[in-house]
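One structure below.
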Amino acid sequence: MELGLVGLGKMGGNMRERIRRAGHTVIGYDRNADVADVHSLEELVGKLKGPRVVWVMVPSGAATQSTIDELAGLLSPGDVVVDGGNSRWTDDEKHAVQLGIKGVGFVDCGVSGGVWGLKNGYALMYGGDADHVAKVQPIFDALKPEGDKGSVHAGKVGAGHFAKMVHNGIEYAMMQAYAEGWELLEKVDSVTDVREVFRSWQDGTVIRSWLLDLAVNALDGDEHLAGLRGYADDSGEGRWTVEAAIDHAVPLPAITASLFARFASRQDDSPQMKMVAALRNQFGGHAVEQADESTPGKPGKPVKPGGPKNKK
């Protein structure tokens with residue numbers, strides 16, 4: 001079948017190649033003319049035979065909205081748009097209504113697989129009407145891993161991105177657990193080869209996983225991760241997962257803590273810990289270290305219990 005693919009970045013570019021290897025025709029558009037097959041959305045739509053399927057693979061938010069807006073004016077009744085980016089599920093519901101007015105179907109699809117998807121296939125979670133999903137099914141089959149697993153029609157519009165959002169929240173918590181265990185192992189003197197401890201967990205243990213395999217790969221490249229800064233961004237889906245949990249009164253302590261840990265990674269000198277240190281000094285006389293004013297963040301002289309007194 002023919003597919004129009006909008007967005008040919010790290011994910012989209014590899015997806016185009018995997019779909020083509022399965023024997024389908026893909027016409028790709030990207031703002032980067034060096035990787036694009038056509039130079040506008042209008043040209044892309046014009047080259048596809050109806051009923052058309054256009055897969056959008058651009059950043060969530062404004063970029064996705066502007067793409068949907070333009071496609072709504074270009075597509076015809078019976079065509080289908082697939083949003084395969086990391087859009088919020090509530091946006092899917094709006095986009096389905098917006099396109100539905102034009103007679104255009106909408107399917108949301110959470111895609112997992114990262115840079116390894118070209119070789120291993122992509123796990124797919126999609127939502128929408130069965131008739132719309134059926135029009136895209138050959139592409140889903142081309143993208144998914146081999147075998148019976150790796151894709152699911154999760155429910156109605158929004159279900160695909162909601163499922164992918166929860167997947168990413170779980171991913172946050174799993175990565176945080178591996179990271180905390182690694183730091184503790186590195187800290188003690190008795191464990192002399194942390195990398196090989198991680199490697200030993202890859203077979204026969206209950207915590208073996210692809211994430212563990214990737215951790216070992218990272219440690220093989222830099223045994224103590226000395227070349228990395230302790231900073232981790234968040235894509236937004238972790239936040240949405242926590243917000244959804246609040247809306248539905250579902251406790252998510254592990255996922256929530258892992259999200260907050262990422263926020264902490266952005267602070268070279270935590271303001272919260274300044275207050276904690278000050279309070280410990282006030283109520284218990286615990287020693288604190290005063291920042292050197294000439295070199296922010298440099299430990300200074302200990303402050304006496306009770307802290308400096310107010311000057312009158």
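Taken together through direct or relayed side-chain contacts under 4.5 Å among Ile, Leu, Val, Met, Phe, Trp and Tyr, I139 and Y29 form parts of separate hydrophobic clusters. Residues L228 and L211 are members of one and the same hydrophobic cluster, defined by side-chain heavy-atom contacts under 4.5 angstrom among Ile, Leu, Val, Met, Phe, Trp and Tyr. Two different hydrophobic clusters hold V6 and V107 under the rule that ILVMFWY side chains link at heavy-atom gaps under 4.5 Å. Under a hydrophobic clustering in which Ile, Leu, Val, Met, Phe, Trp and Tyr are joined whenever their side-chain heavy atoms come within less than 4.5 Å, directly or via other members, V133 and L75 fall into different clusters. L212 and V191 fall within a single hydrophobic cluster, where Ile, Leu, Val, Met, Phe, Trp and Tyr are joined by side-chain heavy atoms under 4.5 Å apart, directly or via other members.
Counting heavy-atom neighbours within 6.0 Å of D203 CG, excluding the residue itself, gives a total of 12 or less. The number of heavy atoms from other shown groups lying within 6.0 Å of CG (D148) does not exceed 12. Environment of CZ in R266: crowded, with over 12 heavy atoms of neighbouring residues, nucleotides or ligands closer than 6.0 Å.
Residues satisfying the side-chain contact (heavy atoms from CB on, under 4.5 Å) test with I207, not counting sequence neighbours, are Y178, W201, T205. For D131, there are no side-chain contact (heavy atoms from CB on, under 4.5 Å) partners, not counting sequence neighbours. Partners of H153 under the ring-ring contact (aromatic ring centres under 6.0 Å, His included) rule, at least two apart in sequence or in another chain, are Y126. The salt bridge (charged side-chain N to carboxylate O under 4.0 Å, His left out) test applied to D129 returns no partner, not counting sequence neighbours. Partners of A232 by side-chain contact (heavy atoms from CB on, under 4.5 Å), not counting sequence neighbours, listed by chain and number: R262, S265. By the salt bridge (charged side-chain N to carboxylate O under 4.0 Å, His left out) test, E223 pairs with R195, sequence neighbours left out. With sequence neighbours excluded, no residue forms a ring-ring contact (aromatic ring centres under 6.0 Å, His included) with Y172. Not counting sequence neighbours, the partners of H39 by the side-chain contact (heavy atoms from CB on, under 4.5 Å) test are A33, E43. Partners of D91 according to the side-chain hydrogen bond (donor to acceptor under 3.5 Å, both in side chains) rule, which considers only residues two or more places apart in sequence or in another chain, do not exist here. Among residues two or more places apart in sequence or in another chain, the ring-ring contact (aromatic ring centres under 6.0 Å, His included) test is passed with W240 by none.
The shortest side-chain heavy-atom distance between R208 and Q202 does not fall under the 4.5 Å cut-off. Within the 4.5 Å cutoff, side-chain heavy atoms of V111 are placed close to those of L124. M15 is listed as a side-chain neighbour of Y122, based on a closest heavy-atom distance under 4.5 Å. No side-chain heavy atom of V80 sits less than 4.5 Å from a side-chain heavy atom of R52.
Between the CG atom of L252 and the CD1 atom of I170 there is a distance of 9.0 Å, given to the nearest 0.5 Å. Here CG of L8 is found 8.5 Å from CG of N32. Values are rounded to the nearest 0.5 Å. One finds the CD1 atom of I68 at 6.0 Å from the CG atom of D83 (value rounded to the nearest 0.5 Å). K164 contributes atom NZ, which lies 12.0 Å from atom CG of D108 (distance to the nearest 0.5 angstrom). For the atom pair S112 OG and M11 CE, the distance stands at 7.0 Å (nearest 0.5 Å). A distance of 12.0 Å separates NZ of K156 from CZ of F162, quoted to the nearest 0.5 Å.
Within the 3.5 Å criterion, the main-chain N or O of I27 finds no donor-acceptor partner in the side chain of D37. Listed for the N168 side chain is no donor-acceptor partner under 3.5 Å among the backbone atoms of E171. Checked by atom type and distance alone, the side chain of S151 never pairs as donor or acceptor with a backbone atom of K144 at under 3.5 Å.
Contact detail for N14 and L118: the closest heavy-atom pair is O-CD1, 3.5 Å. The minimum heavy-atom distance between A142 and A22, with the atom names listed, is CB-CB, 3.6 Å. Heavy-atom minimum distance, W55 versus G84: NE1-CA, 3.4 Å. Taking each heavy atom of A244 and W89 in turn, the nearest pair found is CB-CH2, 3.9 Å. Considering every non-hydrogen atom in both S60 and S87, the closest pair reads CB-CA, 3.7 Å. Summarising the geometry of T241 relative to I255, their closest heavy-atom pair is CG2-CG2, 4.3 Å, with the distance given to 0.1 Å.
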- Message: side-chain contact (heavy atoms from CB on, under 4.5 Å) for V82 and V56? Distances and angles first, verdict last.
- Response: CA-CA 6 Å; V82 182; V56 178; over 6 Å; no
- Would you please test H24 and E2 for side-chain contact (heavy atoms from CB on, under 4.5 Å) and show each step? CA-CA 6 Å; H24 301 290; E2 289 185 339; over 6 Å; no
- Message: Please determine whether side-chain contact (heavy atoms from CB on, under 4.5 Å) holds for the pair W182 and K187, giving the CA-CA distance in whole Å, both sets of side-chain angles, and the decisive distance to 0.1 Å.
- Response: CA-CA 9 Å; W182 173 78; K187 196 74 172 179; over 6 Å; no
- Item | Evaluation steps, side-chain contact (heavy atoms from CB on, under 4.5 Å), between H161 and N86 | CA-CA 7 Å; H161 280 145; N86 285 329; 5.6 Å; no
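Electrostatic pairing of E17 and R20 does not count as a salt bridge here, judged by no charged N lying under 4.0 Å from a carboxylate O. Salt bridge annotation for K135-D79: absent, with no cationic side-chain nitrogen under 4.0 angstrom from a carboxylate oxygen. Between E243 and R239, no side-chain nitrogen of the basic residue sits less than 4.0 Å from a carboxylate oxygen of the acidic one, so the salt-bridge criterion is not met.
Residues M125 make up the rest of the hydrophobic cluster containing V152, defined by ILVMFWY side-chain heavy atoms closer than 4.5 Å, directly or through other members.
Sorted by first then second residue, the side chain to side chain donor-acceptor pair (under 3.5 Å) pairs that include residues 93-106, not counting sequence neighbours, are Q65-H95, Q65-Q98, D69-Q98.
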